[in-house]
Amino acid sequence: MGVALRDIIAPYKKPAEPQDLTGVASIDAYNALYQFLSIIRQPDGTPLMDAKGRVTSHLSGIFYRTSNFLQQGIQPVWIFDGKPPELKSRTIDERRAVREEAQEKWNQAKREGDTAGAFRYAMASSRLDDEILYSARELLGLLGVPVVDAPSEGEAEASNMVRTGVARYVASQDYDTLLFGAPLLVRNLTVSGKRRFHGRMVNVQPETVVLEEVLMGLGLSREELIDVAILVGTDFNEGATGVGAKTALKRVKAGEFGDIISSKLPDLDPEPVRSFFLNPPVSDSYPLEWKKPEHDRIIAFLCENYGFSEDRINPILEKITGRGKQRTLDSWF
DNA sequence: CCCGCGTA
DNA sequence: TACGCGGGG
């Protein structure tokens, strides 16, 4: 979600080559989990669930994607959100309201047999509850993938990891990471490159966004890019009505940021938002270790506990644990 | 999302 | 090999 900067940043996206993606990837955990939960669903919007009715969509996504990453030389580290800043409370309340309304509309669409609508509303009603967060972390642990707990926003922490050289890039769909100063952002970080969208197959390639290129291209400093975002609206402030990314860009370049704030957003003090993007709470210490996936415990967890088919899980697991003849992956751990 | 199958 | 489709839990 986050910031509506797409219109001005999209021109700087570039397709990612496989060699761009190797190394340590800081995964925005909430972003990835929402992605899985909203997309891994049946046509009427029902998520994957085990016999006890527990949602398993995210476990499927984590397992298959992590397996692919490890085989492609991508070392994922998942960054989980900590306590959200007070500035975000309005956004959080709004999102809850949107989710609850979507839940109603999902039920209604199902009753009326409106499949397309049902899927759309089901996506919008996705919610990360404790059970999903715990099970996600447990599976990541069994896969040997390190997890980082951000003190505040995961995106800020993930961006800091790239700034400090601990990770090569942030993987997220959101552009907010650029505001937090991530030098390199990768969107659509998938391996298969294909995605089903409204029943059709569309080719989705991973794409890179280099902060430096965005700033150079737009002729902005990072501080000014943040000001543009503030005018449009961020997770931490409401935007000015009628001001889109292009207008905001023009105004900031003309030095009119303050004018717009006083005329259109008189109640907003932009300083706390600016300083949150520039100096967010981050932990700054990342002891990361990738371990070999624990074959038997993963089978127990996914298949015995959550009802996944062993016939599907085992072959993939054998590839990444190096059981059998393949020893090539051992060098990774 | 991801896999695997049938098809051409 | 490439794509569309159905099913996964």
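Chain letters run A, B, ... following the sequence lines, proteins first, then strands; residues in each count from 1.
In this structure, the CG atom of A:Leu302 is 14 Å from the P atom of B:dC3, given to the nearest Å. The CG-P distance, from A:Leu59 to C:dG9, rounds to 11 Å in whole Å. Residue A:Asn188 contributes atom CG, which lies 11 Å from atom P of B:dC2 at whole-angstrom precision. Atoms CZ (A:Arg312) and C1' (C:dG9) sit 10 Å apart, rounded to a whole Å. Note: CG (A:Leu33) to P (B:dC2) measures 14 Å, nearest angstrom. Atoms CG (A:Asp44) and P (C:dG8) sit 14 Å apart, rounded to a whole Å. The separation between A:Ile313 atom CD1 and B:dG4 atom P is 10 Å, rounded to whole Å. In this entry the distance linking CZ of A:Arg65 with P of B:dC2 reads 5 Å, nearest Å.
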* Apply the test side-chain contact (heavy atoms from CB on, under 4.5 Å) to residues A:Glu238 and A:Leu268: give CA-CA distance (whole Å), side-chain angles for both, the deciding distance (0.1 Å), then the verdict. => CA-CA 8 Å; A:Glu238 217 159 351; A:Leu268 173 68; over 6 Å; no
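For A:Phe236 and A:Phe277, the ring centers are positioned less than 6.0 Å apart.
Using a 4.0 Å heavy-atom criterion, one finds that A:Thr56 contacts the sugar-phosphate atoms exclusively. In this structure, A:Ser309 reaches the sugar-phosphate backbone alone: every heavy-atom distance under 4.0 Å involves primed, P, OP1 or OP2 atoms, never a base.
A donor-acceptor contact closer than 3.5 angstrom links the side chains of A:Glu157 and A:Ser283.
Residue A:Arg41 places none of its side-chain N or O atoms closer than 4.0 Å to OP1 or OP2 of B:dC1.
In this structure, of C:dG9, B:dC3, C:dG8, it is C:dG9 that holds the atom nearest to the side chain of A:Thr46.
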